[in-house]
Number of protein chains: 2
Amino acid sequence: MSKAASSGVKRRKLADIRKDNLGQILAVAEQLFGENGYSGTTIAAIAAKANLPKANVLYYFKTKEALYKGVLSRLLVLWMSHMDQMTADQHPNVALRQYILQKIKMSKEHPNASRIFAAEILHGAPYLKQQLATDLKQQFDKTCQVFREWIAKQWMEPINPEHLLFMIWSSTQAYADHALQCSMMLEKPSLDESDYEAGVEFLTRMVLKGCGIKLL
Amino acid sequence: MSKAASSGVKRRKLADIRKDNLGQILAVAEQLFGENGYSGTTIAAIAAKANLPKANVLYYFKTKEALYKGVLSRLLVLWMSHMDQMTADQHPNVALRQYILQKIKMSKEHPNASRIFAAEILHGAPYLKQQLATDLKQQFDKTCQVFREWIAKQWMEPINPEHLLFMIWSSTQAYADHALQCSMMLEKPSLDESDYEAGVEFLTRMVLKGCGIKLL
DNA sequence: GTCTATAATCCGATAGAC
DNA sequence: GTCTATCGGATTATAGAC
């Protein structure tokens with residue numbers, strides 16, 4: 001008689017256990033890597049927070065590096081989302097406003113994902129370099145092209161498309177990466193809903209007016 | 001006879017050796033901490049790059065933490081410089097333009113200082129928290145007050161002063177912290193003089209037009 | 001598949017000769 | 001003040017019982 005058959009009806013399927021553990025490990029790892037960086041995070045700390053023995057973590061991910069890559073692989077997709085929703089037929093007033101809103105929402109809802117991404121870039125993107133050069137570069141060029149078409153249609157003034165994206169990326173990400181600095185300057189324990197809203201409103205205004213796009 | 005007296009005229013003064021070694025260690029440490037972070041940098045690596053034995057580094061700085069603090073202590077002053085040059089009697093057109101220029105110049109000339117600062121903020125500013133809450137907070141409030149006076153004089157439109165500073169900080173620092181990402185998107189081995197100039201021009205335009213300040 | 005015990009390595013820090 | 005040798009602790013990874 002197999003081990004599985006002897007465990008009774010209440011036993012969860014092995015596949016479910018695996019799925020749950022994998023998800024739990026990845027979620028905890030994302031938090032700790034985001035808070036303390038790669039070298040600053042130990043497998044023991046991840047295991048403890050996930051309520052698993054250390055060896056179990058290393059059963060699912062053979063090495064610490066593999067676990068980090070597992071966390072990273074979901075990141076770029078998340079980070080790039082919403083960018084492809086800006087298209088040449090949309091008016092920049094709507095499209096840029098929506099993109100800024102979504103990016104700040106990302107900073108609010110996935111601050112650790114943003115921080116891991118930022119730390120990776122900061123330290124030379126050893127693991128993301130390839131994906132940046134292919135996936136992100138392709139989307140970047142596509143989006144710059146959309147900006148150029150908006151300019152050709154005279155929906156916006158002739159600004160530098162590349163630097164516009166750099167500016168939107170950095171200033172929206174700041175609401176995750178520099179959240180501590182911002183909250184300290186605002187004398188708050190942490191950023192709250194009204195701060196993110198003020199950020200959206202402010203950045204939308206800067207970008208739209210800066211690009212000479214009429215406010216609705 | 002003392003050791004010093006027996007060494008002849010060519011011997012450099014002990015005080016000079018100390019000064020040189022201290023400076024060399026701090027410079028190398030700033031580079032490596034900036035590139036690899038605190039946990040990602042070993043004392044052995046710093047010693048090797050400074051052409052000194054490991055124990056010698058630990059002679060000058062009793063612990064790794066003390067060395068890191070030594071590097072940090074110079075940073076905030078550097079990071080905060082130029083902010084106090086914006087005053088209420090200056091026209092924002094000149095003052096903001098100059099501040100953006102200086103901040104991007106900082107990103108170009110001291111990228112590792114900027115990266116250490118960014119990583120420190122990213123991971124909760126364990127060592128800088130106190131200085132941020134006192135020194136930076138004071139300068140932040142002062143600068144926001146300058147913005148409010150400009151608004152009162154109707155030199156600029158009523159924008160949110162706090163978020164304006166957040167935006168200038170993050171978008172100018174990006175030319176150091178996200179330099180790799182930017183250069184990859186521009187298909188260059190690294191950012192060059194023209195990129196920093198384009199950044200200054202672009203950000204100045206966004207901020208001045210965004211705040212409704214007349215371009216000169 | 002799970003987990004305890006431990007091997008192997010790396011790194012910060014120190015002792016002590018020069 | 002300088003530097004070799006090494007200690008002690010932490011951390012990744014594995015071996016092997018269950």
To the nearest Å, give me how far apart CG (Asp20(B)) and C1' (dT2(D)) are. 16 Å
Between P on dT11(D) and OH on Tyr38(A), what's the gap in Å once rounded to a whole number? 14 Å
Atom pairs and distances, donor-acceptor, side-chain atoms in residues 70-83 of chain A, under 3.5 Å, two or more places apart:
{"from": "Ser73(A)", "atom 1": "OG", "to": "Gly70(A)", "atom 2": "O", "distance (Å)": "3.0"}
{"from": "Arg74(A)", "atom 1": "NH2", "to": "Glu30(A)", "atom 2": "OE1", "distance (Å)": "3.3"}
{"from": "Trp79(A)", "atom 1": "NE1", "to": "Gln173(A)", "atom 2": "OE1", "distance (Å)": "3.3"}
{"from": "Ser81(A)", "atom 1": "OG", "to": "Leu78(A)", "atom 2": "O", "distance (Å)": "2.6"}

Please list, by residue number, the residues of residues 41-58 of chain B whose heavy atoms come closer than 4.0 Å to an atom of DNA chain C; answer none if no residue qualifies. Thr41(B), Thr42(B), Ile43(B), Lys54(B), Ala55(B), Leu58(B)
Does a side-chain N or O of Asn21(B) approach OP1 or OP2 of dT2(D) to a distance below 4.0 Å, or not? yes
Nearest-angstrom distance from the residue atom NZ of Lys62(A) to C1' of dG1(C): 15 Å
Please state how far atom OH in Tyr60(A) lies from atom C1' in dC3(C), giving the value in whole angstrom units. 12 Å
Can you label the angle between the Phe166(A) ring and the Phe140(A) ring as parallel, tilted or perpendicular, going by 30° and 60°? parallel
Is there any protein nitrogen or oxygen under 3.5 Å from a nitrogen or oxygen in nucleotides 16-18 of chain C, and what are the pairs?
none

Quickly, which of Tyr127(B), Tyr38(B), Tyr68(B) forms a side-chain hydrogen bond (donor to acceptor under 3.5 Å, both in side chains) with Glu120(B)? Name it, please. Tyr68(B)
How about CD on Gln90(A), more than 12 heavy atoms from neighbouring residues, nucleotides or ligands closer than 6.0 Å, or not? yes
Ranking dA13(C), dG1(C), dA13(D) by distance to the side chain of Arg18(A), first place goes to dG1(C)
Tell me the interatomic distance from Tyr59(A), atom OH, to dT2(C), atom P, rounded to whole angstroms. 6 Å
